[in-house]
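Working notes for the structure below.
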Amino acid sequence: MKIKAAEAALQHVEDGMRLGIGTGSTAEEFVRLLAEKVSGGLRVQGVPTSERTARLCLELGVPLKSLDELPELDLTIDGADEVDGALRLVKGGGGALLREKIVASASSRMIVIADESKVVETLGKFPLPIEVNPFGLATTRIAIEKLASKLGLSGDLKLRKSDDGAFTTDGGHLILDAFFGRIPDAEALATQLNSIPGVVEHGLFINMASFAIIAGPAGARTMQAK
Ligand SMILES: O=C(CO)[C@H](O)[C@H](O)COP(=O)(O)O
């Protein structure tokens, strides 16, 4: 299904495009298909949203530029952990949310590619990744807990781990995964998380996706915001 979504997204890529390239297993299927088109003559310049995506692109011959070299992009194609009917997203399961958000915001359009399992009524079942500065971690955690309680949210904040200690993002930050279960007012949470100084970014992407391509057993469908 990930491949079906990636194939459908590839139809939106045009010759000469400046392309933001997402992170995760669905985005990687897109990179593989894109690389085949590139070897067939399609000219694109890609800006990767993570070191992991950059490595795959380089391995497969997809030409890359940095965002500083190409600060304005035509299109970003990326996966998501959750998509609701208003095309609000939870992202960051792969830990790349900060670069993903910067790249998506530099793009004229963002297309989300996902399988049906990612479509939800209300965001929050997937733990919300919150990228934080390592300095003052305990203070930032308390501030997030207080904010959550003010908004009527509860649930653990778990420091993301890797095999050799705390997980560190490409930008050298940490991730607190917030197990809220349900986020009825994603806009309020998004705005108020941004006002906590130790929060670098969060995985709520609101008003960013132009549309989503959702793949199920019967094929891929386009999902517009309701
Ligand atoms: O936000 C992301 C990475 O930070 C990914 O897009 C998200 O986790 C979806 O990944 P996958 O396609 O593997 O399910």
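Counting starts at 1 for both ligands and their atoms, following the listed order.
Side-chain N/O atoms of Asp115 and Ser117 include a donor and acceptor closer than 3.5 Å.
When Val103, Thr23, Leu56, Thr169 are each tested for a side chain to side chain contact (heavy atoms under 4.5 Å, CB included) with Ser50, only one passes: Thr23. Asp78 pairs in a salt bridge (charged side-chain N to carboxylate O under 4.0 Å, His left out) with only one of the listed residues (Lys118, Arg99, Lys91, Arg109), which is Lys91.
Dense packing is recorded around CD of Gln224, with more than 12 heavy atoms of other residues, nucleotides or ligands lying under 6.0 Å away.
Looking from atom 14 (O) of ligand 1 to the surrounding protein, the closest heavy atom is Lys118 NZ, 2.6 Å. In this structure, atom 13 (O) of ligand 1 lies nearest to the protein heavy atom Ser25 OG, 2.5 Å. For atom 12 (O) of ligand 1, the closest non-hydrogen atom of the protein is Thr26 OG1, 2.5 Å. Looking only at protein heavy atoms, the nearest one to atom 2 (C) of ligand 1 is Glu100 OE2, 3.3 Å. Counting protein heavy atoms only, atom 10 (O) of ligand 1 is closest to Gly24 CA, 4.0 Å.
Taking Lys37 as the reference, Leu10, Leu42 meet the side chain to side chain contact (heavy atoms under 4.5 Å, CB included) condition, with sequence neighbours excluded. For Arg182, there are no salt bridge (charged side-chain N to carboxylate O under 4.0 Å, His left out) partners at least two apart in sequence or on another chain.
Per-residue contacts place Ala96 under 4.0 angstrom from the following atoms of ligand 1 (heavy atoms of the residue considered): 4 (O). Atom numbering of ligand 1 starts at 1 in the shown order; those under 4.0 Å from a heavy atom of Gly93 are 1 (O), 4 (O), 8 (O). Near Gly92, with a cut-off below 4.0 Å to any heavy atom, the atoms of ligand 1 are 1 (O), 2 (C), 4 (O). Residue Asp81 approaches ligand 1 through these ligand atoms, each under 4.0 Å from one of its heavy atoms: 1 (O), 7 (C), 8 (O), 9 (C). Of all the atoms in ligand 1, the ones that sit under 4.0 Å from a non-hydrogen atom of Gly79 are 6 (O). Proximity to Thr23 (heavy-atom distance under 4.0 Å) selects the following atoms of ligand 1: 2 (C), 3 (C), 5 (C), 6 (O). For ligand 1 and Ala80, the ligand atoms under 4.0 Å from any heavy atom of the residue are 6 (O), 7 (C), 9 (C). Less than 4.0 angstrom separates some heavy atom of Gly95 from each of these atoms of ligand 1: 4 (O).
Glu100 contributes no side-chain N or O that, together with a main-chain N or O of Gly22, makes up a donor-acceptor pair within less than 3.5 Å.
With rounding to the nearest 0.5 Å, the separation of CZ in Arg55 from CD in Glu59 is 9.5 Å. For the atom pair CG of Leu157 and CD1 of Ile130, the computed distance is 6.0 Å after rounding to the nearest 0.5 Å. If you take CD on Glu7 and CD on Glu29, they are separated by 9.5 Å, rounding to the nearest 0.5 Å.
Under 4.0 angstrom from ligand 1, there are no non-hydrogen atoms of Ser50.
Inclusion of Ala27 in the set of residues having an N or O under 3.5 Å from an N or O of ligand 1 is not warranted.
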